[in-house]
Amino acid sequence: MKTEVTVANRTYIVEYESHGEGLKICIDDQAYTVDTNNFTDVFYSILIAGKSYDIVAAGKDDIYSVAVGGESFNVHFFDPRACLNREKHSQSALESHQLISAPMAGRIIRFKAQVGDLVTSNDGLVILEAMKMENEIKSRGIGVVKEIFAAEDDVVEPGQKLMIIE
Amino acid sequence: MKTEVTVANRTYIVEYESHGEGLKICIDDQAYTVDTNNFTDVFYSILIAGKSYDIVAAGKDDIYSVAVGGESFNVHFFDPRACLNREKHSQSALESHQLISAPMAGRIIRFKAQVGDLVTSNDGLVILEAMKMENEIKSRGIGVVKEIFAAEDDVVEPGQKLMIIE
Amino acid sequence: MFKKILIANRGEIAVRIIRTCRELGVQTVAVYSEADRGSLHVRYADEAYCIGPAPAVESYLDAEAILAVARSTHAEAIHPGYGFLSENAAFAKKCVEHDVVFIGPDSTVIENMGNKTVARQIMIHHGIPIIPGATDATEECADALKVAHDIGFPVMLKAASGGGGKGMRIVHSAEELTDAFLAVRREAYASFADSRIFVEKYFSTPRHIEVQVMADNHGNAVHLYERECSIQRRYQKVVEECPSVFVDDALRKRLTKTALHITTVVGYSGAGTVEFLVDQDKNHYFLEMNTRIQVEHSVTELVTGVDMVKEQLLVASGSPLSINQDQIKAVGAAIECRIYAEDPEADFLPAPGPLKKITFPEGPGVRIDSGVYSGWQVSRHYDPMIAKIATWGRDRNEARIRMLRALDECVIYGVKTNVKLHKQILTDQSFIDGNYSTKFIAERIDSLPQDDLFSHHLAIIGALCARLKTAETGQHSMDENMLQQHDSWRMSGKYQFWASRF
Amino acid sequence: MFKKILIANRGEIAVRIIRTCRELGVQTVAVYSEADRGSLHVRYADEAYCIGPAPAVESYLDAEAILAVARSTHAEAIHPGYGFLSENAAFAKKCVEHDVVFIGPDSTVIENMGNKTVARQIMIHHGIPIIPGATDATEECADALKVAHDIGFPVMLKAASGGGGKGMRIVHSAEELTDAFLAVRREAYASFADSRIFVEKYFSTPRHIEVQVMADNHGNAVHLYERECSIQRRYQKVVEECPSVFVDDALRKRLTKTALHITTVVGYSGAGTVEFLVDQDKNHYFLEMNTRIQVEHSVTELVTGVDMVKEQLLVASGSPLSINQDQIKAVGAAIECRIYAEDPEADFLPAPGPLKKITFPEGPGVRIDSGVYSGWQVSRHYDPMIAKIATWGRDRNEARIRMLRALDECVIYGVKTNVKLHKQILTDQSFIDGNYSTKFIAERIDSLPQDDLFSHHLAIIGALCARLKTAETGQHSMDENMLQQHDSWRMSGKYQFWASRF
């Protein structure tokens, strides 16, 4: 099986096949023979040429959350034919108008930018209070605020859209 | 709902109904209003009139394994109509001829009783080695060994029948 | 000793208190908000009662609701833990009025120490050094400017009723002062309903060192040595140590003597902490006195062997302290790392969510205090602390490498945490040398190290294992809400002001 | 210090050794049997290699397989842990021949101390008291009878190569002797391929007290105080304490002096334990010397603060001990409870099975050493120890009540355990008073307390919750193999002889 995988904004070409109890895998040009052992739901013990690694992994469809040595990664699989196109499409969409959504649940303290405002990189957009803390959501690019979807004092859920910048 | 339940060889009459987030339950003549919270697969937090208990429980059909304050119990539910009859039947069967099965996996070292031997309470029947230890299975009643189903040096699985005593 | 007490808190500190109560045979009553029905403190207590909705102000800060539970359960005393009502003089007073023992000092002591102006005046009166600056708080920008000119820039603006880092700002010049003053005043009012601000001398490489004290109502007062709490992020402690590598015997003698002096003159009772700022030249200045148990009390317990909650209960129930100064020996060294659910890639924003799997470290010299379990959700309503990991060693370096080992053993899956930050701190040469100030994190730990390629490869292998398992069994090992969200917009912590960290 | 070592063991002790290696920056190589692919020591090691099938004789006892892994991984040393090859002189010798450091004393020391006859002769030669009885082992019943008549009944029969309680029997009269002798001889031959038996004086209320020693190759030898190991079931330690409440300063001085004397005269190196029998009148008799780390070393570590595995590695790598006698202070008291998967209702038969859920205690003064995790299976092939729980307190009673608190926090679901037995022991008045001998469990803990009715009611409520959840979600929370089997036939432990407990 051959697929593309992204981890932390890097894309890798992955080829793999089952190999006894484990698997053979080639990531870009690096080949590994992996002995895997899954003892309880999400814990995997991995042996690669005798080296032992403890990995936690779970997910569904094409997205997996993996913890390796105290760090966690989101790993995305792509169908090389269909998905890449979809990805490209959504990226271009993102570039023409940028959607600001709440990264966490919280209460909106204040909008620092209003409809029509020109914002540039690092400009504050929204101040969100969560867990007794005021957090400022900043802009990473240039654009004009097109629409605001919430009001001050609103309690928002994670992922709820707050603002569109064009 | 009304049912019979056995715990550690004692039988209780249990009546219960859902009650909001929890349940109302009457065990023999003792009534409880129970607030239950199941946070993760098998852990239950139980509040009865404010008193807090941490219980681990799982099982299927009519048999549940429950841990309460460091002790574990097997809890059997009975359908008052059908099951009691079945139970009675199997109990009488147990009394006429007693089946000795391996309580754990291990290797049979030796049979201390042979076919035709009369055994009484506390007589040794089989010596089973498990986890580097020799364990003697003893008789709790009187009877004659009718049949032996395994040989010395056999490795047996838990529950495998070893002997019938009549 | 009490027969039964109520614990007016949640999370790890409530569990910590229940542990000692169990050892002393004291029955425990937990109170909980609607968000906390499955919380560990509810599970561990003997009794538990709901006191209101998730927002703290409607539950853990609701004095009437808590006192009603105390009354109906016949709890003889209330342990407030840290945060919430622990330094609320009105609550302490109300407890006494309701004939319930408040486990802490007298309400007037709480009031005096909670009011920075009063506290400073007491210190000045008794000849205890305080930080140069205003001894009176002000709501007026002009006053602030005048003080700043007197003591010279840089100065620190501090909300009079603030604490735990909330409502603080450094100002380097007169130009910056007005904006900063207004911001702090706004935050101070929003958080504490008190707009008064202190202006004080700002030190460039200060150490934050505190002395643990305990006093009973029989005239005994002891210190339990110092804690080094300079490793902070935005005025919030991240790593604490006992003892401080910066404190030599002469300074230790001065610090503990001053702390005991304060304990005596304010008429203290129970466990308290005197916080000092220590400058490069080892001058010490009184900062404040915390009239409650601290988060970081575990390092003191590891080094002295004293169960501080036990002593709190002894004192509150009228017994003398079970230890005198000669019996309190500091043996070895201890370090504590506060493990938070926060996102290091998003400037350490709180990252509430489901703790799908947790494995805590074990083995020699490791102490765990947590209020969570696999399956529990870190709530957005409260402080996102997952656990305190503390290690003890024969010396500081043994404690340090043991902590690194412990952090490596720690598996927390489901939410992002600051574990990697701790590893960075503990392996930084300045930390190893003990050569650091409260600026340490800001100056030394400015960016996350790059992932190495191999960790990406391992992540892919792990993901592939999970994917093949799903394909094989047709079952997802876990539901999808465990997947951590990434947002393409960065969040800044510039406006992060914590009210609930201690 | 070594760069890389191999750990020729499994379970908690392998994990314990890996922990110290990680702290010292020493790479670790684990070896495992086919049954142990998912074992915690495999997961925690840097490298891991399979060395054979589940039976220990084909894997953990296979010296050639282990040395082959050491060679191919360039491991510089082998830590044998306890059990398995740890006291195998031939293996220690073979390591040296293969140019691999054996982490333990010289093979001749292991050989001498492993041979009870030789060990006793050395002790007699150096004027160290031994238990009255034969100094020569015999295979002949007639010899045994003669010795028994000389020293008087009751006598103890002991397999010459035995250990850990296997191959031991008390004989009260000449009539019983023949049968018992033959039984012990048969067991001894089956277990150790050595039919020789010692006959020695049997004491009615003996204490089993051992002294921890450490020596390096630079002429330094120190003791780390004593451990009280009298709480035993069928000659197997169940609860250990440090220090012993029975040992006064005068006895402690004699015990530690004797232990150091032995350490010196046998040319010891590394960590060792000198076991003594102490009678009612506080006379001490040398029993044996264990030339390896003990299960119960954690109580000594808690009280002295010394990481004993670290010292073992230092000594084996040629460094001197990092501590001298003056630096080793005993502070407070520690207790260890060995948590086993065994069925208290079936005479403490091993109860292998799936550890579905485990929650270990946390908080002040608690140390956990385990080799298991939620989801792991306790194998029928090896020792069924789940974990060691150790607690430290300022005094013995604080350690004791802390242990009771810790045991209450401990949730082990899926297999039966001896947790309740520990609670019985720790709340028994004789134990509280410190007034007990090796007969304690046999005499005081003869039957399990009755369940109270309310715990049945709670069990029913719990079962009902699980049943209603199943009905609601249609999912069983766990598979059925977790249900514990009950057999209507009792099993007796009369023939239980453990070869793998230490």
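The chains referred to below are lettered A, B, ... by the order of the sequence lines, with proteins before strands, and numbering in each begins at 1.
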Practice task
Please determine, among D:K310, D:E301, D:E12, the option with the most heavy-atom pairs under 4.5 Å with chain C.
Solution key: D:K310

Practice task
Measure the spacing between CD of D:E23 and OG1 of C:T391 and express it to the nearest 0.5 Å.
Solution key: 8.5 Å

Problem - Region of C:S374 that comes under 4.5 Å of a non-hydrogen atom in chain D - result: neither

Completion exercise
Residues of residues 363-372 of chain D with a heavy atom under 4.5 Å from any heavy atom of chain C, in residue-number order, are D:G363, D:P364, D:V366, D:R367, D:I368, D:D369, D:S370

Exercise for the section: Please list, chain by chain and in numerical order, all residues satisfying side-chain contact (heavy atoms from CB on, under 4.5 Å) with D:E47, sequence neighbours excluded. Expected result: A:K51, D:K4, D:V29, D:Y49, D:T73

Handout entry: Approximate separation, where rounding is to 0.5 Å, of C:R22 CZ and D:L404 CG
Key = 11.5 Å

Exercise for the section: To the nearest 0.5 Å, tell me how far C:E362 CD sits from D:R19 CZ. Expected result: 5.0 Å

Exercise for the section: Check whether any side-chain heavy atom of D:K329 sits under 4.5 Å from a side-chain heavy atom of C:V331, and report yes or no. Expected result: no

Fill in the blank from the handout: When the 4.5 angstrom heavy-atom criterion is applied to C:R402 and chain D, the contacting part is both

Fill in the blank from the handout: From the list C:R16, C:R43, C:E409, C:Q327, the residue making the most non-hydrogen contacts under 4.5 Å with chain D is C:E409

Practice task
Starting at CZ of D:F360, measure out to OG1 of C:T359 and round the result to the nearest 0.5 Å.
Solution key: 11.0 Å

Completion exercise
Looking only at heavy atoms, the pair that brings C:R394 and D:V306 closest together is CD-CA, 4.1 Å

Handout entry: Under 4.5 Å from a heavy atom of chain D, the part of C:Y44 involved
Key = side chain

